[in-house]
Amino acid sequence: GGSRDARKRELEELVDRAIERIEGGASSAALPPMSSYERKLVHDVAAARGYVSESEGEGGSRHTVLRAQ
């Protein structure tokens, strides 16, 4: 029930902080490693906010990187 909603809010906050870094001059912002489900949520949130995201790395170190469009 509520744990998925809570995690989604946490991921949205992670994306918002990454966007702040990009808007502050960074060319990209990497998020910590997470599951494929969580990366999917991050991709959706980033796209909704007008940013490009892609997954990088292998296995347990696979993570999402955001960039401005």
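Residue numbers run from 1 in the order of the sequence given.
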On the six-membered ring of Y37, is R7 placed so that its NZ or CZ lies under 6.0 angstrom from the centre and within 45° of the ring axis?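 No; the conditions do not both hold, so R7 does not lie above the ring face of Y37.
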Working to the nearest 0.5 Å, report the span between OH of Y51 and CD of Q69.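 CD of Q69 is found 9.5 Å from OH of Y51.
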Distance check, rounded to the nearest 0.5 Å: R49 atom CZ versus E12 atom CD?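 R49 CZ to E12 CD: 5.5 Å, rounded to 0.5 Å.
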Below 4.5 Å, heavy atoms only, C-beta onward: do M34 and L41 meet side chain to side chain?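 No, every pair of side-chain atoms sits at 4.5 Å or beyond.
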Can you find a pair of side-chain heavy atoms, one from I19 and one from L66, that are under 4.5 Å apart?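 Yes - at least one pair of side-chain heavy atoms lies under 4.5 Å apart.
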Could you tell me which residues satisfy side chain to side chain donor-acceptor pair (under 3.5 Å) with S55, sequence neighbours excluded, listed by chain and number?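 Listed in chain order: R39, H43.
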What's the shortest heavy-atom distance between [X] and [Y], and which atoms?
X	Y	result
R67	S28	CG-CB, 3.7 Å
G60	P33	O-CB, 3.3 Å
A30	H63	CB-CD2, 4.1 Å

Is there a continuous path of hydrophobic side-chain contacts, each under 4.5 Å between heavy atoms, that joins I22 to V15?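 Yes.
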Can you list the steps and then say if L11 with V45 is a side chain to side chain contact (heavy atoms under 4.5 Å, CB included)? CA-CA 8 Å; L11 294 173; V45 171; 5.9 Å; no
Closer than 4.0 angstrom, basic N to acidic O: yes or no for D5 and R9?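 Judged by the 4.0 Å cut-off on N to carboxylate O distance, D5 and R9 do not form a salt bridge.
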